[in-house]
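To start, the structure itself, in structure tokens.
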Amino acid sequence: MALRPRIHHLDLSLSDMDRSVYDSLRLTVALHPSETAERLWARVLAYCLNAEPDLVFTRGLSEASEPDLWVLAGDGRPELWIEVGEPTVERMKKAAGRAGAVRLYCFNSKAATWWAQHEAALRALPVSVQRFEWPSMQALAALLTRTMELSVTISDGSIYVATESGEVELSVTTLAEA
């Protein structure tokens with residue numbers, strides 16, 4: 001019998017001072033059985049950094065042809081393609097060929113090594129790449145519960161996350177801009 005995803009309900013107050021986006025959001029996010037809490041948080045943070053009315057979580061790990069998040073045009077073509085993790089250069093080339101804009105958020109303990117190996121190839125693509133600090137992602141993972149109220153404030157390249165059980169400040173490092 002296949003393992004089922006674990007569903008998380010997030011009541012989120014978003015204040016993105018860098019983009020003047022302020023909203024109260026109710027997100028339902030599935031944690032795939034092979035996914036870590038850090039990766040789920042990376043998807044949530046990517047959502048917050050790109051929040052707009054048509055941005056949606058996709059089937060992600062359950063569907064290899066889809067990114068983690070996207071915005072689709074009226075004709076079904078991806079306008080914005082958002083990946084989380086350390087994908088292959090080939091996957092990013094395909095994404096760049098399909099979508100109007102491509103953004104990648106890497107986050108794990110091996111992100112620096114992955115970036116060093118793939119930097120030249122990724123800089124040649126129209127892809128924006130940002131990195132979340134791994135220790136901060138681990139701190140966020142420790143705060144994850146099935147139902148959460150949280151506040152996310154974005155200002156000057158930093159993200160402040162406050163939950164009922166703690167707070168975490170993360171720096172977002174831009175590695176490449178499209």
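Treat the numbers as computed from the prediction; the structure is a model and nothing was measured.
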For the CG atom of Leu143 and the CG atom of Leu150, what is their distance to the nearest 0.5 Å? 9.5 Å
Taking all non-hydrogen atoms of both residues, which atom of Cys48 and which atom of Arg19 are closest, and how far apart? O-NH2, 3.6 Å
Do Val172 and Phe132 have side chains that get closer than 4.5 Å, going by heavy atoms? yes
Just jot down the side-chain hydrogen bond (donor to acceptor under 3.5 Å, both in side chains) partners of Glu167, sequence neighbours excluded, or say none. none
If you measure only the distance, is there a donor-acceptor pair under 3.5 Å linking the side chains of Thr174 and Gln130? yes
Which atom names give the shortest non-hydrogen contact between Pro87 and Met92, and what distance separates them? CG-SD, 3.4 Å
Is any side-chain heavy atom of Glu35 less than 4.5 Å from a side-chain heavy atom of Arg43? yes
Between atom CD of Glu149 and atom OG1 of Thr163, what is the distance when rounded to the nearest 0.5 Å? 10.5 Å
Working to the nearest 0.5 angstrom, can you tell me the gap between Glu86 CD and Thr113 OG1? 10.0 Å
Indicate, with yes or no, if Ile7 and Leu27 share a hydrophobic cluster defined by side-chain heavy-atom contacts under 4.5 Å among Ile, Leu, Val, Met, Phe, Trp and Tyr. no
Would you kindly confirm whether Leu25 and Leu80 end up in one hydrophobic cluster when ILVMFWY residues are joined by side chain heavy atoms under 4.5 Å apart? yes
Side chains of Leu72 and Asp54: closer than 4.5 Å at any heavy-atom pair? no
Considering all heavy atoms of both residues, which atom of Ala73 and which atom of Glu79 are nearest to each other, and what is their separation? CB-OE2, 3.4 Å
Test item: side-chain donor near acceptor, Glu38 and Asn108, under 3.5 Å: no
How long is the straight-line distance from CG of Leu49 back to CD1 of Ile82, given to the nearest 0.5 Å? 8.5 Å
Group every Ile, Leu, Val, Met, Phe, Trp and Tyr by side-chain heavy-atom contacts under 4.5 Å, then state whether Leu104 and Ile159 land in the same group. no
Here the gap from Arg39 atom CZ to Ser34 atom OG, rounded to the nearest 0.5 Å, amounts to 8.0 Å
So SG of Cys106 and CG of Leu175: to nearest 0.5 Å the spacing works out to 5.5 Å
Ser171 versus Ser158, closest heavy-atom pair with distance: OG-OG, 4.4 Å
Minimum side-chain heavy-atom gap Leu40-Leu144 below 4.5 Å: yes
Residue pairs meeting salt bridge (charged side-chain N to carboxylate O under 4.0 Å, His left out), one or both in residues 122-144, sequence neighbours left out, come to Glu119-Arg123
Could you point out which residue of Tyr105, Phe57, Trp41 forms a ring-ring contact (aromatic ring centres under 6.0 Å, His included) with Tyr47? Phe57
Given side chains that start at C-beta, do those of Leu14 and Ile154 come closer than 4.5 Å, heavy atoms only? yes
Heavy-atom check, side chain of Leu69 versus side chain of Arg103, under 4.5 Å: no
Taking Leu55 as the starting point, is it possible to reach Val127 by hopping between hydrophobic residues whose side chains are less than 4.5 Å apart? no
Parallel, tilted or perpendicular: which describes the rings of Trp70 and Trp81, with under 30° parallel and over 60° perpendicular? perpendicular
Do Trp134 and Val129 sit in the same hydrophobic cluster, where Ile, Leu, Val, Met, Phe, Trp and Tyr count as joined when their side-chain heavy atoms come under 4.5 Å apart? no
Side-chain ion pair, Glu83 and Arg91, N-O less than 4.0 Å: yes
At their closest point, which heavy atom of Arg77 faces which heavy atom of Asp75, and how far apart are they? N-OD1, 3.0 Å
Of all heavy-atom pairs linking Leu170 and Leu140, the shortest is CD1-CD1, 3.8 Å
Donor-acceptor pair, distance only, cut-off 3.5 Å: does the side chain of His9 make one with the backbone of Arg146? no
